[in-house]
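Heads up, the thing below is written out as structure tokens.
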Amino acid sequence: MKLTLQVWRQERPESKGRLISYGVNDVSPDMSFLEMLDVLNIELVKKNEVPIAFDHDCREGICGSCGMMINGRAHGPGRGIATCQLHMRHFKDGDTIVIEPWRARAFPVLKDLMVDRTAMDRVMMAGGYVSTKTGGMVDGNTLLIPKPIADEAFDAAACIGCGACVASCPNSSLMLFVAAKVSQLALLPQGQHERKERVESMLAVMDENQFGSCTNTYACEAECPKEISVTHIARLNREFIRAKITA
Amino acid sequence: MKKVISFYHSSVGKKILMSLAGLFLCSFLVIHLSGNLALFKNDNGESFNHYSEFMAHNPVIRSTEILLVAGFLLHMFLGGTLWLKNRAARPEKYSAYKLSDNTPFESRNTMLSGSIVLFFLIVHLKQFFLPSRFFGETNMYALVLQAFASPLYDLLYLAALVMLAYHLKHAFQSAFQTLGLRKGKYIVLFDAVAVVFWLLIPIGFASMPIYFFLSTLK
């Protein structure tokens, strides 16, 4: 396949970026999207040009490092996959692909397709954890959790923190991410102690970091590589109300 | 008090207030529509005029009116505030953005549909509410007949109702999501109620200009 890529190039956070066109030849349909970018980068290095910077690590959809806007879709076409799991067979010979970084005030561009996602870490630091001494390993089945609840918590825990929810949302809202984290711990016994403080403080830090607010378009659910459901957002709203109206 | 302030400062708190105000406005739509059904009574407008008279002067209605105005203002103010915050959350736009692949039209355009409904509301208040409430107009039935005889007005009325339907299609289910009530088996229930609501209410209102316009043709 021959493709034309329009890639966002931006040297530094403060410099002005623009879309630059590149031609890539000999793209195999079996390549992943990131491998296709690797091929382009090798060509760029050979020509003594600066390769395109993009985040990546595990390349098997579990680390949440990679992520880019591909033809206007977070992680490109297809459901339930991260950019590294997107294969070139989803594209046709002669296609033009527009590749942009996640765009949000809370995610400033560092270089090319790399954005600073530490705003999500700051939200996590506000309560996305359990602060109890866990001690040594306990016997299995000492802490009984009904299967449906364990499943629901696990579905929320599948969040890899890639930021596709923010990138795809028309309001750059972080609600699905916060909902997944709050939901996971609100469902489990270990999360009960800090249940109210957690939701209040994570949402406060979310607002401080200039993410937008949710308007229930559910674009996040459609683009989430882990297909996290917006019912977790409803739970987040419930947790917030619960924290505010009870003493 | 600190809790109340932090509730309001939170974007989720604002959304909850906005959804409560929105649901309150929905209850107004139901009452307004059921009252207006008196137009269909074949008594030359006697019951409709009686109903208009009641609505314009009954003390209970008059005091609820203040709540209603407050509900509208709160809903619009919060909607506007959140809309501005949300626009500011993405200063640099995407050059390719396929939001339409994942979201329905009405969810992306509540500000547009809401603004058109507001424009219609102003026209509507000037035409019916002001004469009845402040200028002592007693024959509201004649006023309605006169308005619906104009095809231009009927078109504006119907266009506004289409926008209202779009607004409700998103907003009604959205309010339950914001209030945290869309869960488990209730999701099906709320979504079904939402469909009935956003379809039936605008159709009910639309039946009036259509009926009266057609009857002028005879």
Side-chain angles (χ1 to χ4, degrees), chain A residues 6 8 17 19 69-74 77 97-107 109 166-175 178 199-200 203-204 206-207 210-223 230-231 233-245 247, chain B residues 2-20 78-79 81-111 170-184 186-187 190:
Chain A
Q6 299 212 310
W8 183 263
L19 286 172
M69 215 61 179
I70 300 164
N71 280 343
R73 298 273 306 269
I97 308 174
V98 181
I99 312 171
E100 293 173 271
W102 289 165
R103 292 212 185 281
R105 167 163 289 182
F107 289 170
V109 173
V166 177
S168 59
C169 175
N171 315 315
S172 307
S173 169
L174 188 66
M175 283 287 275
V178 181
V199 62
E200 289 188 284
L203 281 175
M206 176 189 91
D207 282 337
Q210 296 182 305
F211 289 101
S213 64
C214 176
T215 52
N216 302 329
T217 66
Y218 309 145
C220 50
E221 181 184 90
E223 296 291 37
V230 292
T231 53
I233 296 184
R235 178 175 294 106
L236 171 65
N237 293 333
R238 275 204 296 288
E239 290 295 316
F240 176 81
I241 296 171
R242 188 174 177 271
K244 290 294 179 193
I245 63 176
Chain B
K2 214 177 130 200
K3 278 224 166 184
V4 176
I5 293 169
S6 71
F7 183 90
Y8 179 76
H9 273 296
S10 165
S11 62
V12 178
K14 284 197 187 69
K15 274 156 43 65
I16 289 167
L17 290 177
M18 191 180 162
S19 64
L20 288 173
L78 291 174
T81 310
L82 291 169
W83 188 79
L84 287 174
K85 175 182 149 85
N86 292 345
R87 296 287 75 72
R90 181 168 291 143
E92 180 134 32
K93 307 288 173 232
Y94 289 111
S95 49
Y97 186 33
K98 294 275 180 58
L99 184 63
S100 53
D101 283 10
N102 298 320
T103 57
F105 171 83
E106 66 275 7
S107 299
R108 282 174 271 130
N109 294 293
T110 41
M111 192 62 178
H170 172 76
F172 199 73
Q173 56 82 26
S174 179
F176 294 112
Q177 169 80 356
T178 300
L179 294 172
L181 299 170
R182 261 181 108 251
K183 62 181 243 185
Y186 299 122
I187 292 179
F190 282 131

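Note: hydrogens, waters and symmetry copies are ignored here, and every other heavy atom, side chains too, is used. In what follows, chains are A, B, ... by sequence order, proteins preceding strands, each numbered from 1.
Contact of B:His170 with chain A is made through the side chain alone, with heavy-atom distances under 4.5 Å. A:Ala167 touches chain B through backbone and side chain together, each having a heavy atom under 4.5 Å away. There is no contact between A:Glu221 and chain B, counting heavy-atom distances below 4.5 Å. For A:Val230, the parts lying under 4.5 angstrom from a heavy atom of chain B are both the backbone and the side chain. With a threshold of 4.5 angstrom between heavy atoms, A:Leu19 approaches chain B through side-chain atoms but not through N, CA, C or O. Within the 4.5 angstrom heavy-atom criterion, only backbone atoms of A:Pro101 (N, CA, C, O) approach chain B. Proximity to chain A (any heavy atom under 4.5 Å) is restricted, for B:Lys93, to the backbone atoms N, CA, C and O. Both the backbone and the side chain of A:Arg103 come within less than 4.5 Å of a heavy atom in chain B. In this structure, chain B has heavy atoms under 4.5 Å from both the backbone and the side chain of A:Ala219. Heavy-atom distances place both the backbone and the side chain of A:Cys214 under 4.5 Å from chain B. Interface remark: A:Thr217 contributes backbone and side-chain atoms alike to the contact with chain B (heavy atom separation under 4.5 Å). Using a 4.5 Å cut-off between heavy atoms, A:Ile233 touches chain B through backbone and side chain atoms alike.
For B:Leu82 against A:Ser213, the heavy-atom pair with the smallest separation is CD2-OG, 3.5 Å. Nearest heavy-atom pair, A:Lys244 versus B:Ser6, reported as atom, atom and distance to 0.1 Å: NZ-OG, 2.6 Å. Minimum heavy-atom separation, A:Asp207 to B:Ser10: OD2-CA, 3.5 Å.
For A:Asn171 (side chain) and B:Ala89 (main-chain N/O), no donor-acceptor pair under 3.5 Å exists by modelled atom type. Formation of a donor-acceptor pair under 3.5 Å by the B:Tyr94 side chain with backbone atoms of A:Trp102 is not found in this model. Listed for the B:Lys85 side chain is a donor-acceptor partner under 3.5 Å among the backbone atoms of A:Phe211. Although no hydrogens or angles enter the test, the distance criterion places a donor-acceptor pair under 3.5 Å between the side chain of A:Glu100 and the main chain of B:Ser95.
Comparing A:Ser173, A:Ala204, A:Ser172, A:Ser168 by heavy-atom pairs within less than 4.5 Å of chain B, the highest count is held by A:Ser172. Interface summary for chain A: among B:Gly13, B:Ala171, B:Pro91, the most heavy-atom pairs under 4.5 angstrom belong to B:Pro91. The candidate from A:Ile70, A:Asn237, A:Val166 with the greatest count of non-hydrogen atom pairs under 4.5 Å with chain B is A:Asn237. Each of B:Arg108, B:Lys15, B:Arg182, B:Glu106 has some count of heavy-atom pairs under 4.5 Å with chain A, and the biggest count is that of B:Lys15. Comparing B:Leu179, B:Ile187, B:Asn102, B:Thr103 by heavy-atom pairs within less than 4.5 Å of chain A, the highest count is held by B:Asn102. Contact count against chain B (heavy-atom pairs under 4.5 Å) is highest for A:Met69 among A:Met69, A:Gln6, A:Glu239. Interface check for chain B: of the options A:Cys169, A:Ala104, A:Ala222, A:Ala74, the most heavy-atom pairs under 4.5 Å are formed by A:Cys169. Here A:Arg73 is the residue among A:Gln210, A:Arg73, A:Glu200 with the most heavy-atom pairs under 4.5 Å with chain B.
Rounding to the nearest 0.5 angstrom, the gap separating the CG atom in A:Asn216 from the OG1 atom in B:Thr178 is 4.0 Å. Rounding to the nearest 0.5 angstrom, the gap separating the CD atom in B:Gln177 from the CZ atom in A:Arg238 is 9.0 Å.
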>> Under the criterion side chain to side chain contact (heavy atoms under 4.5 Å, CB included), I'd like the reasoning laid out for B:Thr110 against A:Thr215: C-alpha separation, chi angles, the key distance, then a yes or no.
In response: CA-CA 9 Å; B:Thr110 41; A:Thr215 52; 5.7 Å; no
>> Walk me through whether A:Met175 and B:Ser11 qualify under side chain to side chain contact (heavy atoms under 4.5 Å, CB included).
In response: CA-CA 10 Å; A:Met175 283 287 275; B:Ser11 62; 5.6 Å; no
> Can you check side chain to side chain contact (heavy atoms under 4.5 Å, CB included) on B:Glu92 and A:Trp8, steps first, answer last?
Replying inline: CA-CA 12 Å; B:Glu92 180 134 32; A:Trp8 183 263; 3.4 Å; yes
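Atom OH of B:Tyr186 has 12 or fewer heavy atoms from other residues, nucleotides or ligands within 6.0 Å.
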